[in-house]
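Structure first, then comments.
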Amino acid sequence: MSDKKIRCAIYTRKSTEEGLEQEFNSLQAQREACEAYIKSQKHENWQLLPTEYDDGGYSGGNMERPALKRLLSDIKSGLVDIIVVYKIDRLTRSLMDFSKIVEILDKHNASFVSITQHFNTTTSMGRLTLNMLLSFAQFEREVTGERIRDKISASKKKGMWMGGKPPLGYYRKDKKIYPDEEKSALVRSIFEKYTELKSTTLLKDWLNKQGYAISVGNLNCILRNKAYIGMVGHKGIWYQGEHQGIIPTELFEQVQAVMVANRINRQHYDPKKSLLSGKLYDDKGNAMSPSWSTGCSGKTYRYYVSQAIIRKEPSKLGKIGKVSLPQLENFIDSWFERFLREKQKIHPYIQHFEVAKQKKLLKQLSAYTMTRDIEKALIKRVQLNPNKVEITLHTEQVLELFNTIYENREMRQLKPEELKTENTYTEPYHIGIIANGEKIIVGQFVEPKKRPNSELIKILNQAYTWHQDVISGTSTQDIAKRDKVCVQYVRRILNLSFLSPKIVRSILNGTQPADCTLKKLLSIKSPNWQEQEGKIIKY
């Protein structure tokens, strides 16, 4: 018998977080069984490593699991000889992923053991058997998924509500949904007010004044949802539902007619025809795109909107998020009109012309009216700043225009390779917009919407309380016994007391990103605050 120690790492996994707070959960049951097996192999010099590799709340369908990644990293570093699991599907449910894991094990002279299925990847027969087993496991998983999908489809055809978050205005009880008296009234007011305002943007503002924060996107979903007239949808097909509708069919159809009319109006407006389309940038360098909305009178309001707003990236937004399209384009028109009549701006372009040609051209320019197409050809870039506009023109294209005017011919639009130089002009400009009847002075930073997460705040408070208990000398076992949770849960939550102050502050203020979940926080392993912030805050 060799004296070499065989270093064994136990890997456990559970698909959901449900039950992890229990004193003895599934992960601990797997670990105990694996520990007993390793002790039974003492004669083979098997030795249990103290590091725990536990993935609670992670699917086995992929390899995006923090504990598994740490385990594979330790194998590559030569710290582990054998992975011990309770069952093969705890390690993976994907044949493709399993082949990747086996490849890593073979490359680093490590192996894999399933204690309830007695497989060992150190032998070719073990590998063949495992591949066959995983193929059937994957087949069973796919068949189960098909059965579930068929059951959901059949149930929805009968009008049954098949779980999920109920629509606004309903509550769930005994696997069915019922109208919520208070919230149903809100939904009815949303439908009724939309037929009056005929704009989801104006509807959103009206709701904000009533104390309800609902985004335009969610309003569109509400207004199109046939569940409110008592129907159940499945893959684009709607069936009569078991639940009671809260919106009269006539009102619902009236709303749909208004939305269709708005879509038709939108088709008549081509953003590409806007003067500064593809050429306008905000004060942070984000491109600004043409957009529009319809007011209650049916009038169309047009804007240039920063891509930082469109992409929902408030951290990249500067002081200018949106400007009135007509106001800005009229300003550019006026600027070009002045440009053609200001000799100090014209002179650098025509200084090499003969004197007679200069005099004739200046006279021609004083009576010349520039079209939008010519303006667009001359402009390379327009940069908006809080108190000024920077207009950059293609030098060669301006010269082409002047020669065109002098020779009385049509202007040729130069190719990109012919446009080699440029001139930038800075003009003071007070940037303001008119939005929904209210004047807004751009220059006020648009704060991201606050979304306080009471559960995260509660768990952070628990983490810091337990941290103080540990500092005071209380063991994690005593904390778990006192608060009636499992020791592993206490240890996981304790890690949150070492989060970056910036992350903690964002959670307490309600400004954390929408995808900042407990699962994501618990996946953080680095003690470096900057690395933590990069993973959670991303700016």
Side-chain angles (χ1 to χ4, degrees), residues 9-31 49-74 85-86 90-93 451-471 474-477 479-480 482-539:
I10 297 174
Y11 177 77
T12 65
R13 183 185 65 79
K14 187 177 185 296
S15 296
T16 65
E17 293 187 356
E18 183 180 353
L20 292 181
E21 74 284 352
Q22 296 175 359
E23 189 170 350
F24 187 77
N25 57 45
S26 173
L27 298 181
Q28 291 171 307
Q30 294 175 46
R31 177 166 292 280
L49 293 173
T51 306
E52 296 182 357
Y53 303 92
D54 304 318
D55 277 321
Y58 289 91
S59 166
N62 58 65
M63 295 177 67
E64 292 302 314
R65 291 170 266 159
L68 178 61
K69 288 182 177 179
R70 285 190 291 112
L71 175 58
L72 296 178
S73 176
D74 288 347
V85 294
Y86 185 73
R90 295 304 86 195
L91 187 62
T92 180
R93 286 181 176 273
R451 50 173 78 85
N453 188 319
S454 57
E455 283 300 313
L456 283 184
I457 294 173
K458 180 181 177 182
I459 289 173
L460 277 182
N461 183 56
Q462 190 176 52
Y464 282 101
T465 300
W466 287 349
H467 183 81
Q468 291 300 318
D469 290 341
V470 171
I471 292 175
T474 308
S475 68
T476 53
Q477 289 82 0
I479 293 173
R482 181 194 68 198
D483 294 342
K484 297 180 181 180
V485 294
C486 68
V487 175
Q488 186 183 36
Y489 179 75
V490 173
R491 290 171 180 167
R492 293 178 72 199
I493 298 301
L494 271 171
N495 289 331
L496 300 182
S497 63
F498 299 99
L499 283 176
S500 148
K502 190 172 183 179
I503 296 176
V504 174
R505 189 161 53 248
S506 71
I507 294 172
L508 296 178
N509 293 338
T511 57
Q512 78 282 357
D515 62 350
C516 179
T517 61
L518 176 60
K519 181 177 177 180
K520 194 167 185 178
L521 291 174
L522 291 174
S523 69
I524 296 176
K525 302 301 177 185
S526 172
N528 184 288
W529 285 351
Q530 191 172 357
E531 291 180 9
Q532 292 178 10
E533 291 163 6
K535 184 171 183 179
I536 298 296
I537 301 178
K538 296 181 180 177
Y539 66 88

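These numbers come from a predicted model, not from an experiment.
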Worksheet item: Tell me, do Tyr489 and Asp483 make a side-chain contact under 4.5 Å, heavy atoms counted?
Response: no
Worksheet entry | Taking every non-hydrogen atom, the tightest pair across Cys486 and Gln28 | CB-OE1, 4.0 Å
Discussion item. Could you check whether any side-chain heavy atom of Leu456 comes within less than 4.5 Å of a side-chain heavy atom of Leu521, counting everything from C-beta outward?
Written reply: yes
Worksheet item: Is there a side chain to side chain donor-acceptor pair (under 3.5 Å) between Ser500 and Gln532 once you walk through the steps?
Response: CA-CA 7 Å; Ser500 148; Gln532 292 178 10; 5.0 Å; no
Item to complete: Measure the spacing between CG of Leu71 and CZ of Arg65 and express it to the nearest 0.5 Å.
Response: 10.0 Å
Item to complete: Using a 4.5 Å cut-off on heavy atoms from C-beta on, say whether the side chain of Tyr58 contacts that of Lys519.
Response: yes
Worksheet item: Does the side chain of Gln30 come within less than 4.5 Å of Ser26's, by heavy atoms?
Response: yes
Worksheet item: Are Ser523 and Lys535 close enough that a side-chain donor and a side-chain acceptor fall under 3.5 Å?
Response: yes
Practice prompt. Drop me the distance from Asp55's CG to Ser15's OG, to the nearest 0.5 angstrom.
Written response: 10.5 Å
Practice prompt. For residues Trp529 and Pro501, determine if any side-chain heavy atom of one lies less than 4.5 Å from a side-chain heavy atom of the other.
Written response: yes
Worksheet, complete the sentence: What one should report as the nearest heavy-atom pair of Tyr11 and Val85 is O-CG1, 3.6 Å
Fill in: Residues which pass side-chain contact (heavy atoms from CB on, under 4.5 Å) with Asp54, listed by chain and number, not counting sequence neighbours
Thr12, Leu27, Arg31, Glu52, Gln488
Worksheet item: Can you check side-chain contact (heavy atoms from CB on, under 4.5 Å) on Ile536 and Gln512, steps first, answer last?
Response: CA-CA 8 Å; Ile536 298 296; Gln512 78 282 357; 5.8 Å; no
Item to complete: Report the C-alpha separation of Ile524 and Asn495 in whole Å, then their side-chain angles, then the decisive distance to 0.1 Å, and conclude whether the side-chain contact (heavy atoms from CB on, under 4.5 Å) test is met.
Response: CA-CA 9 Å; Ile524 296 176; Asn495 289 331; over 6 Å; no
Discussion item. Taking the side chain as everything from C-beta on, heavy atoms only, tell me whether Lys14 gets closer than 4.5 Å to Asn25.
Written reply: no
Fill in: Derivation of the side-chain contact (heavy atoms from CB on, under 4.5 Å) call for Leu68 and Leu91
CA-CA 8 Å; Leu68 178 61; Leu91 187 62; 4.0 Å; yes
Worksheet, complete the sentence: Rounding to 0.5 Å, atoms CG (Leu460) and NE2 (His467) come to a distance of 13.0 Å
Discussion item. What's the separation between atom CZ in Arg492 and atom OG1 in Thr476, rounded to the nearest 0.5 Å?
Written reply: 14.5 Å
Worksheet item: Are any non-hydrogen side-chain atoms of Ile10 and Tyr86 less than 4.5 angstrom apart?
Response: no
Worksheet item: Say you draw a straight line from CG of Leu496 to CD of Gln462; how long is it, rounded to the nearest 0.5 Å?
Response: 9.5 Å
Fill in: Atom pair CG (Leu522) and CG (Leu499), whose distance is rounded to the nearest 0.5 Å
9.0 Å
Practice prompt. Count the heavy atoms of every other residue, nucleotide or ligand shown that sit under 6.0 Å from CD of Gln530, and state whether that count exceeds 12.
Written response: no
Fill in: Residues which pass ring-ring contact (aromatic ring centres under 6.0 Å, His included) with Tyr464, listed by chain and number, not counting sequence neighbours
none
Worksheet entry | Heavy-atom closest pair, residues Arg13 and Ser59 | NH1-C, 3.7 Å
Worksheet entry | Side chain Thr465, main chain Asn461, donor-acceptor under 3.5 Å | yes
Worksheet entry | Minimum side-chain heavy-atom gap Leu49-Asp74 below 4.5 Å | no
